[in-house]
Amino acid sequence: MKVVAINGSHRAGKSTSKLLQRALGAFEAAGWDVELVELAQKNFEFCAGCNSCLVGKPCPLLGREGDDGQAVFDAIEAADAVILASPNYFENVSARMKCLMDRMRAAHLPKNIFAGKVAGVLVTTGLNNSGADEASAGLARFCVAQGWVLAGPAAVGTWEEGCGEDGRTCYRRGADADPQAQNQVEALAKSIIALAEKLA
């Protein structure tokens, strides 16, 4: 079986990516094939709401020279499970992840062409209570709209470590250093594996 993890961070290889790689390690240990897609290394034009997909026509952006949308669609199609991950920069998913979500309207209309996959959600954030809940809820709703079976709960990694003696917020070197998030991504991976293998 195969899982594709899609990182919506603008910074490939950093905190969100490192947590995804930790999750992918659990899949590899279970004998799965894994793929990590870094959206920061892909080129996407914005969905313009032309409604070609609504009337059953192909998205005019898919296959356009210089646009990587088709490659990401192909990666999702080839996978049994999908993990969507995004940093929360300001009360929502990143612009890159939102662009992918909008582009995947073409996979939703007039029917869900990738329905039945098992999915999980990961969000990284600077502070607790600063929008991670909104970002993870948006990703979860998107997964359900695509007809994916959501495993979870969502994993959340934060830079915030607590308060120092002076009352100021203390930070980790990155959200990937959050021990709770490390445990959560491994638990999320195991949940996805169990559910996907049961449904296979």
So do the side chains of [X] and [Y] get within less than 4.5 Å of each other, counting heavy atoms only?
| X | Y | result |
| --- | --- | --- |
| W148 | V82 | yes |
| E45 | D67 | yes |
| C50 | P60 | yes |
| S86 | S94 | yes |
| L54 | P110 | no |
| M101 | M97 | yes |
| L39 | F44 | yes |
| Y89 | S9 | yes |

Identify whether [X] and [Y] are in the same connected component of the hydrophobic contact network (ILVMFWY, side-chain heavy atoms under 4.5 Å).
| X | Y | answer |
| --- | --- | --- |
| W32 | L122 | yes |
| L24 | V156 | no |
| I83 | V123 | no |
| I6 | V93 | yes |
| L20 | F27 | yes |

Distance, nearest 0.5 Å, that separates [atom1] of [X] from [atom2] of [Y]:
| X | Y | atom1 | atom2 | answer |
| --- | --- | --- | --- | --- |
| N183 | L188 | CG | CG | 12.5 Å |
| E197 | M1 | CD | CE | 6.0 Å |
| Q41 | R96 | CD | CZ | 9.5 Å |
| T125 | F90 | OG1 | CZ | 11.5 Å |

For side-chain contact (heavy atoms from CB on, under 4.5 Å), just list the numbers for E77 and D74, CA-CA rounded to whole Å, side-chain angles, deciding distance to a tenth of an Å, and then say yes or no. CA-CA 5 Å; E77 183 177 19; D74 291 345; 4.2 Å; yes
Any side-chain donor paired with an acceptor under 3.5 Å for T16 and T124?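 A pair is found: one side chain offers a donor N or O, the other an acceptor, under 3.5 Å apart.
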Side chains of R105 and N51: is there a donor and an acceptor less than 3.5 Å apart?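 N51 and R105 do have a side-chain donor-acceptor pair below 3.5 Å.
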As a quick check of understanding, evaluate side-chain contact (heavy atoms from CB on, under 4.5 Å) for N7 and E38, giving each step before the final call. CA-CA 5 Å; N7 182 15; E38 296 274 12; 2.7 Å; yes
Using a 3.5 Å distance criterion without hydrogens, assess whether the side chain of [X] forms a donor-acceptor pair with backbone atoms of [Y].
| X | Y | answer |
| --- | --- | --- |
| S191 | A187 | no |
| K117 | A79 | yes |
| S136 | D133 | yes |

Looking only at non-hydrogen atoms, find the nearest pair between [X] and [Y] and report the distance.
| X | Y | answer |
| --- | --- | --- |
| S15 | D176 | OG-OD1, 2.9 Å |
| A151 | I192 | CB-CG1, 3.7 Å |
| V185 | A155 | CG1-CB, 3.8 Å |
| A181 | A175 | CB-O, 4.3 Å |
| V121 | C143 | CG2-SG, 4.3 Å |
| C53 | A106 | CB-CA, 3.7 Å |

Decide yes or no on side chain to side chain donor-acceptor pair (under 3.5 Å) for Q182 and D178, but give the supporting numbers first. CA-CA 6 Å; Q182 294 170 359; D178 181 348; over 6 Å; no
Go through it in stages, so that I can follow the logic: the residues are V37 and K42, the test is side-chain contact (heavy atoms from CB on, under 4.5 Å), and I'd like the CA-CA distance, side-chain angles, deciding distance and then a yes or no. CA-CA 9 Å; V37 175; K42 303 292 182 184; 4.0 Å; yes
Inspect the surroundings of NZ in K98 and state if more than 12 heavy atoms from other residues, nucleotides or ligands are less than 6.0 Å away.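 No, NZ of K98 has 12 or fewer neighbouring heavy atoms, counting only those of other groups under 6.0 Å.
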Hey, do the aromatic rings of F114 and H108 have their centres closer than 6.0 Å?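 That pair fails the under 6.0 Å test.
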Between R103 and D68, is there a salt bridge with N-O shorter than 4.0 Å?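 Salt bridge absent between D68 and R103.
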In sequence, state the C-alpha distance, the side-chain angles, and the governing distance for I76 and M104, and then conclude on side-chain contact (heavy atoms from CB on, under 4.5 Å). CA-CA 11 Å; I76 293 170; M104 285 193 64; 3.7 Å; yes
